[in-house]
Number of protein chains: 2
Amino acid sequence: MPAVTQSLPRRLAEMPVLADRLRRHARKFTGARQAILAVLRHDSRPMSNKEIFARLPGGLCDLATIYRSLHLLEEVGMVKRFDLGDGVARFALLREDDDGHRHHLVCTRCAEVVEIEECCTPEVEKRISERSGFKAVTHRLEFFGICPTCQ
Amino acid sequence: MPAVTQSLPRRLAEMPVLADRLRRHARKFTGARQAILAVLRHDSRPMSNKEIFARLPGGLCDLATIYRSLHLLEEVGMVKRFDLGDGVARFALLREDDDGHRHHLVCTRCAEVVEIEECCTPEVEKRISERSGFKAVTHRLEFFGICPTCQ
DNA sequence: GGCAGCGATGCAAATCGTTTGCATTTGGCC
DNA sequence: GGCCAAATGCAAACGATTTGCATCGCTGCC
């Protein structure tokens, strides 16, 4: 792995931390994964495999590698998968202490994604669990609407 | 259209109503659609195209026809599409006065689906709309867990 | 009741996101 | 420096869904 020098932009400064998180799981910090993680930390908006692929320096790696890497990163808890209802998986970087539970507001015209701070359902989960007998109840909640630009 | 006789099971008695709803939209009440609607009214659990196909009397119609029919039925508001997060669309019949807004509890092991009566978000939608500037805000909320049988 | 016309259907091929088999390369550790 | 599991590229496979096209069958109309 190339040493991360002082001269790199600040946003790359945390790369060694990410490398460690990978190595802790006996996984390699390869060029492809470096690049993918760099793209993901560039902005926190959930991104699809193709979007990530498109932002990678030309042909740095195969699309299949991105799919495989994101699976792995999801497994070790470094990214979270979001399903915004259009049949495409999206991923966002997860801080180490982050359970990734959050919701989004998606524009049904332009697909802009805004993160929402509210989550009204923790106690509802408990009630549902009690009434239904289901265990380990979680939920997925996403909002849809038309953003100011598209109105 | 073959006349619906008295001797048919009670659950078919409403078929003429469904036929009317279709015709009101200048759509035909074909054999395939009759069969699909019959399957859907048999139980209210959201069903995938393939599940519906499998329940149809052998080879009554093509799978493509089911896809096309469900699109149509969705358009005219006779069925509602559900996305339970496994990449397969499911559909359930909608009563005429029903906006179809409901949520489900899905077993992540066996895919059993239970309908949930709660919806905690109407006022949250309003708040989100006000803060974000988005219009026509709706939401999708599904719960996941492990059902008693699978535990 | 019969007919024209548009909507519906069957079939096969195309699409799209995603996964996988396999041969080859490479990062990490001694 | 060298080993070995892990990672990658490439192409083919996959599953859900869609579509082009020729044919068929409801429906409204006479």
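All chains are named by letter (A, B, ...) in the order of the sequence lines, taking the proteins before the strands, and each is independently numbered beginning at 1.
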Just to be sure I understand the rule, does B/A32 reach a base, reach only the sugar-phosphate, or reach nothing, if contact means heavy atoms closer than 4.0 Å? sugar-phosphate
What is the distance, to the nearest angstrom, from the CZ atom on A/F29 to the P atom on C/dG27? 12 Å
Kindly indicate, with the supporting measurements, whether the criterion side chain to side chain contact (heavy atoms under 4.5 Å, CB included) is fulfilled by A/L70 and A/I52. CA-CA 10 Å; A/L70 287 175; A/I52 296 172; 3.7 Å; yes
Does a side-chain heavy-atom distance below 4.5 Å link A/I116 with B/V124? no
Spacing of B/R33 atom CZ relative to C/dG7 atom P, expressed in whole Å: 11 Å
Without decimals, in angstroms, what is the distance between A/L22 CG and C/dG27 C1'? 12 Å
What about A/K28, does its side chain sit under 3.5 Å from the base of D/dA6 through a donor-acceptor pair? yes
Evaluate the criterion side chain to side chain contact (heavy atoms under 4.5 Å, CB included) for residue pair A/I66 and A/L56; output intermediate values, then yes/no. CA-CA 10 Å; A/I66 303 201; A/L56 248 40; 3.6 Å; yes
Quick one: A/H25 NE2 to D/dA7 C1', roughly how many Å, whole number? 17 Å
At 4.0 Å (heavy atoms only), tell me whether B/L60 reaches a base, stays on the sugar-phosphate, or touches nothing. sugar-phosphate
Between the main-chain N or O of A/V113 and the side-chain N or O of A/H104, is there a donor-acceptor pair closer than 3.5 Å? no
Students often mix this up, so state it plainly: with edges at 30° and 60°, are the rings of B/H101 and B/H139 parallel, tilted or perpendicular? perpendicular
Using atom CD1 of A/I66 as one end and atom P of D/dT8 as the other, report the distance to the nearest whole Å. 10 Å
Between C/dG17, C/dC11, D/dT17, which nucleotide gets closest to the side-chain atoms of B/A89? D/dT17
Sorted by position of nearest nucleotide on DNA chain D, 5' first, the leading residue of B/R81 and A/G31 is A/G31
Roughly how many Å is it from CD in B/Q34 to C1' in C/dA8, rounded to a whole number? 14 Å
What heavy-atom pair brings A/K28 and A/L22 nearest, and what distance separates the two atoms? O-CD1, 3.7 Å
Nearest whole angstrom, please: distance from the P of C/dT20 to the NE2 of A/H71. 8 Å
Establish, with yes or no, whether the OP1 or OP2 oxygen of C/dT18 is under 4.0 angstrom from a side-chain nitrogen or oxygen of A/Y67. yes
What's A/S48 touching, base or sugar-phosphate or nothing? Going by heavy atoms closer than 4.0 Å. nothing
Calculate the interatomic distance between A/R27 atom CZ and D/dT8 atom C1'; express it in whole Å. 14 Å
Using the side chain to side chain contact (heavy atoms under 4.5 Å, CB included) rule, take B/L37 and B/F29 through it: C-alpha gap first, then chi angles, then the decisive distance, then the call. CA-CA 10 Å; B/L37 288 168; B/F29 190 58; 3.8 Å; yes
Sugar-phosphate, base or nothing in reach of B/R68, heavy atoms under 4.0 Å: base
Angle of first-five versus last-five pair axes in the helix from C/dG1-D/dC30 to C/dA13-D/dT18, to 10 degrees: 30°
Counting heavy atoms from C-beta on, name the nucleotide in D/dA6, D/dT17, D/dT19 closest to the side chain of B/L63. D/dT17
Kindly compute the distance separating CD1 (B/I36) from CG (B/L93), expressed to the nearest 0.5 Å. 11.5 Å
Between D/dT8, D/dC10, C/dG10, which nucleotide has the shortest distance from any of its atoms to the side chain of A/T65? D/dT8
Measuring to OP1 and OP2 of C/dG17, would you say a side-chain N or O of A/N49 lies under 4.0 angstrom away? no
Does D/dT8 have its OP1 or OP2 closer than 4.0 Å to a side-chain nitrogen or oxygen of A/T30? yes
